[in-house]
Amino acid sequence: MRLSQYFLPILRDNPKEAEIVSHRLMLRAGMIRQEASGIYAWLPLGLRVLKKIEQIVREEMDRAGAVEMLMPTLQLADLWRESGRYDAYGPEMLRIVDRNKREMLYGPTNEEMITAIFRSGVKSYRELPKNLYHFQWKFRDEQRPRFGVMRGREFMMKDAYSFDVDEASARISYNRMFVAYLRIFARMGLTGIPMRAETGPIGGDLSHEFIVLAETGESGVFINKDVLNLPIPPETVDYAGDLSGIVTQWTTLYAATEDVHDAARFEAETPEAKRVSTRGIEVGQVFFFGDKYSKPMKAMITGPDGVERPAQCGSYGVGVSRLLGAIIEASHDDKGIIWPESVAPFTVGLANLKVGDDATDAACEKIYAALTKAKVDVLYDDSDDRPGGKFAKLDLIGLPYQIIVGPKGIAADEIEVKTRATGERETLPLGEVIARFSGSVWVS
RNA sequence: CGGGGCAUAGCGCAGCCUGGUAGCGCGACGGUUUUGGGUACCGUAGGUCGGAGGUUCGAAUCCUCCUGCCCCGACCA
């Protein structure tokens with residue numbers, strides 16, 4: 001992409017409304033624009049990252065055996081009356097009346113709808129288990145939106161719903177999601193730590209929140225720091241096999257948010273030197289809730305014994321739009337964002353330091369064409385901005401690699417390649433730069 | 001939802017107390033400079049002062065109401 005054709009409204013000053021670093025950087029880097037309190041337009045650069053995150057989640061969900069679909073944002077109030085939640089949900093739910101005076105709502109979640117869909121299509125235990133998911137915008141009319149996309153009113157969420165014949169098999173479904181979540185966050189360069197969460201009236205041990213550690217996080221957390229070094233399940237993990245060993249490994253060491261924190265137990269289980277008390281951002285949650293919706297909504301399954309029982313269900317959320325904020329909180333410096341390569345909006349930023357100089361222009365065009373052909377995402381800064389401005393802009397938007405082409409370097413057949421994360425620079429001849437980034441053996 | 005604040009040019013702000021018809025920095029645009037970590041100089045454009053009403057000869061400025069936004073707390077993916 002040529003910057004001259006792109007839409008990248010960089011802000012040089014900090015907008016006064018942005019308090020925390022991820023919010024400031026997203027506004028300054030031209031990723032989002034606020035349209036109303038807690039509601040954002042996703043500008044081209046922000047949308048690219050959102051899509052990258054979505055794709056990682058999709059790949060891991062599919063790998064774990066879940067099936068993608070798409071449910072609408074608007075739902076009928078009557079559906080929510082079936083579960084009793086229409087009245088139970090407070091003013092957080094945005095209620096809408098259509099032209100025919102039908103009561104509707106902008107969905108804050110989809111348990112009711114998925115249960116209705118499921119019950120119309122599945123009747124027998126032979127068709128189970130099932131896990132259906134979608135990516136969709138949700139709306140919760142928060143009393144106090146803040147922190148940019150980390151706590152907006154409109155937000156993108158991946159929500160999955162599992163259906164099983166009994167609790168034992170539901171536990172297997174739960175474990176699959178648990179393992180998939182470990183991989184999802186790791187692929188984004190985050191350590192998503194599963195923590196004991198409140199299970200509400202259902203009880204049991206099948207509820208975990210996945211938390212990314214960050215000083216600016218909204219909840220206090222207490223962990224045994226060894227949990228940070230546990231192994232992430234590999235891509236080849238067998239989702240058809242027994243995953244309970246992995247789940248046990250990740251749930252044995254102490255890790256809990258302040259709501260469920262048990263100080264006495266923390267101290268008893270965790271050597272003093274290993275105790276860490278910090279803050280975190282919730283980026284996902286896995287939850288088994290049994291027949292909470294399937295029972296009142298009569299989503300019945302006939303078992304092998306011929307008896308009908310409500311399906312045993314769980315739901316599994318990932319805060320997709322919130323993850324942008326979480327990743328930036330975890331990965332930035334005083335110059336700007338440092339994107340992990342897996343979610344970066346572009347892999348390479350190509351800076352032409354002297355647009356109009358024949359040799360520099362030609363070298364940039366050659367690199368741009370070669371990398372584009374090799375399917376490397378390149379943002380080519382072909383503007384006539386000052387060199388200093390280009391450097392600052394590339395550092396701000398945080399692309400993993402910068403290829404810097406100027407007349408001085410070209411004269412010596414030297415092109416500078418800078419790695420954003422480390423600040424490391426090396427100079428290479430043009431041919432090697434192209435080979436390095438377009439070769440199939442590229443090592444980052 | 002309780003408490004506190006803000007609203008003046010694209011962004012950040014001054015002017016308001018003590019009414020006299022709007023200003024600064026950055027950015028944008030046009031030049032000069034040909035430049036390797038947001039360069040310097042010259043010039044230009046851009047604002048119904050959030051909205052409505054009121055007081056006054058006269059309101060960005062004083063009064064009332066409304067709207068939007070932010071911060072602290074309670075609440076939350």
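Proteins get letters first, then strands, A, B, ... in listed order; numbering begins at 1 in each. In this text, all values refer to a predicted model and were calculated from it rather than measured experimentally.
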TODO: Apply the side chain to side chain donor-acceptor pair (under 3.5 Å) test between A:D395 and each candidate in A:K390, A:Q402, A:K335; give the one that qualifies.
DONE: A:Q402

Task: Salt bridge A:D361-A:K366, side-chain N to carboxylate O under 4.0 Å - done: no

Task: A:F288/A:Y174 aromatic ring centres below 6.0 Å - done: no

Task: Which nucleotide in B:G38, B:A77, B:C69 has an atom nearest any side-chain atom of A:Q34 - done: B:C69

- [ ] Please tell me which of the listed nucleotides, B:G37, B:C69, B:C1, lies nearest to the side chain of A:S37?
- [x] B:C69

Which protein N or O atoms sit under 3.5 Å from an N or O of nucleotides 9-12 of chain B?
residue : atom : partner : partner atom : Å
B:C11   : O2   : A:D13   : OD2          : 3.3
B:G12   : OP1  : A:K16   : N            : 3.3

Task: Side chain A:R425 and base B:G36 donor-acceptor under 3.5 Å - done: no

Open item on the list: When you measure from the side-chain N and O atoms of A:R146 to the phosphate of B:C72, is any distance below 4.0 Å, counting only OP1 and OP2?
Closed with: yes

- [ ] Look at the side-chain N and O atoms of A:Q143 and state whether any lies under 4.0 Å from the OP1 or OP2 oxygen of B:G73.
- [x] no

- [ ] Please evaluate the base of B:C26 for a donor-acceptor partner in the side chain of A:R12 within a cut-off of under 3.5 Å?
- [x] no

- [ ] Please check if the side chain of A:Y181 supplies one atom and the backbone of A:R176 the other of a donor-acceptor pair under 3.5 Å.
- [x] no

Task: Any A:R144 side-chain N or O less than 4.0 Å from OP1/OP2 of B:C1 - done: no

- [ ] Evaluate the side-chain proximity of A:L190 to A:I327: yes if any heavy-atom separation is below 4.5 Å, no if none is.
- [x] yes

TODO: State whether A:E60 and A:R187 are salt-bridged, where the test is any N-O pair (Lys NZ or Arg NE/NH1/NH2 against Asp/Glu carboxylate O) under 4.0 Å.
DONE: yes

